[in-house]
J.: 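The structure is given below, and queries will be raised subsequently.
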Amino acid sequence: MTARTSIHGEWSTRLAFVLAATGSAVGLGNIWRFPYMAGENGGGAFVIVYLLCVALVGLPIMMSEILVGRRGRRNPMDSLRQLASDDGRSTVWQYAGMMGILTGILILSFYSVVAGWALAYIPNAASGIFAGATAADTQAIFDDLTANPWALLFWHTLFMGMTIAVTVRGVRHGLEKAVRILMPALLVLLLIMVGYAMRIGEFEQAVAFLFRPDFSALGPQGVLAAMGQAFFTLSLGMGAIMIYGSYLPARTSIPRSAVAIALMDTAVALIAGLAIFPVVFGSMLEPAAGPGLVFVTLPLAFGEMPYGSFFAVLFFVLLVFGAWTSAISLLEPVVTWLVERLEFTRVQAALLAGGVIWLLGIGSVLSFNAWAEYTLFDRTFFQMLDDLTANIMLPLGGLFIALFAGWVMTRKTSGGELAGEPGWFYPTWRFVIRYITPVAVLAVFLNAIGLV
Ligand code: PFF
């Protein structure tokens, strides 16, 4: 048994880890991305494939990431290199970690721009602008914001600043405390929204849309999108969960933690869907409206409810906090890499990485206005980044992690990290991660490019 420790410290308890990882998982992916992806891909069939991917692909990979992180105790690249050399295997596996670090940089660059929308909506909501607004009004408010590059740049800059500010202090202190309060609060607020949607909107139509599968509406690209969503929402395939695993105390149960994180993440996404689609159908809006969906429909609901401006402010504050706890986990892998490999201080590393990501984010800012016409494969810069990372880089990173945990690590090493579990657990996990998960990921890929 190795007794490595991370130079960045450790979570105080298992709960702290679960909350931090849930903070990473729950974010814009659940409340912004999930509803609009489901809306664009026909609803029910997308949701079912997404749930299957969470269970068969996401969960086993999450356990593998935590396991590799805790065993390696370093940034994703060096953890993979270390474990490969511990077991006498090729250190070429470290490049899977490198790709993960790069993926995090790309995701955070556009994620911060969307989080900036949520920030911008806080003063918007407080001004009472949504009160009594029609669907056309809320659409116009959203369009005005995205058409203005300076406004987007301002909010993007503020959000990156907030993310860097937490990262320089280290994950443990600010974050552990924040997630303990913010995650339950977000859930309570979403439940209130669902209650409202049940009373006012077309709830049954929404339930049918989300849970009645029409597989003819999906197609291979839709299946790939559902798998991409599973990776994105669970923060898998880029080392975020791996780096959080590297701060996990030695004796905590990995499978139990992973199941708790995945359950909470899935619950939040489904609840968000049940809060949003009744309003969409009730106001005759288009479910396939794309990235603006949540920013147009929810304000509509707020505009009609008593104390709507108050709830709207609260909602966007919590959305920002959800995004914030995710953004920190997107920045952490590259920061630890800079600290451990290049011997930067944490402050230098956070500023440098954050600065590069901020710069890249300007591309996404402009893709909603000045560059809106420049498309590749019919996608703007922002859409390209979103698609490329969620649908290709995260699943590929996840595939490498599955192959690493299942085939490269020896039974002795991976078994050592899962030793406290009931007897059936290890052989089951190992079978799934060796055969089921990689085959599923590959099948979805090959299907999407038309080879299967
Ligand atoms: N899981 C986050 C969300 O759903 O908003 C986004 C994310 C965070 C993706 C961290 C990937 C990641 F590594």
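First listed ligand is number 1; within each ligand, the first listed atom is number 1.
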J.: Collect the protein residues that have a non-hydrogen atom under 4.0 Å from ligand 1 and hand them over in chain and number order.
T.: Ser24, Ala25, Gly27, Leu28, Gly29, Asn30, Tyr111, Phe232, Thr233, Ser235, Met238, Ala240, Ser326, Ser329, Leu330

J.: Please state whether the rings of Phe316 and Phe130 are parallel, tilted or perpendicular, taking 30° and 60° as the class boundaries.
T.: tilted

J.: Do any side-chain atoms of residues 55-65 form donor-acceptor pairs under 3.5 angstrom with protein atoms, and if so which ones, sequence neighbours left out?
T.:
| unit_1 | atom_1 | unit_2 | atom_2 | d |
| --- | --- | --- | --- | --- |
| Ser64 | OG | Pro60 | O | 2.8 |
| Glu65 | OE1 | Met242 | N | 3.0 |
| Glu65 | OE2 | Gly237 | N | 2.7 |

J.: Can you pull out every salt bridge (Lys or Arg N to Asp or Glu O under 4.0 Å) where at least one residue sits in residues 385-394? Sequence neighbours excluded, please.
T.: Arg33-Asp386, Arg379-Asp387

J.: Going by side-chain hydrogen bond (donor to acceptor under 3.5 Å, both in side chains), name the residues that satisfy it together with Thr5, two or more places apart in sequence or in a different chain.
T.: none

J.: Could you go through Phe17 and Tyr247, starting from their C-alpha distance and side-chain angles, then the distance that decides it, and tell me whether this counts as side-chain contact (heavy atoms from CB on, under 4.5 Å)?
T.: CA-CA 8 Å; Phe17 165 71; Tyr247 310 142; over 6 Å; no

J.: Between Trp117 and Phe368, is the ring centre distance below 6.0 Å?
T.: yes

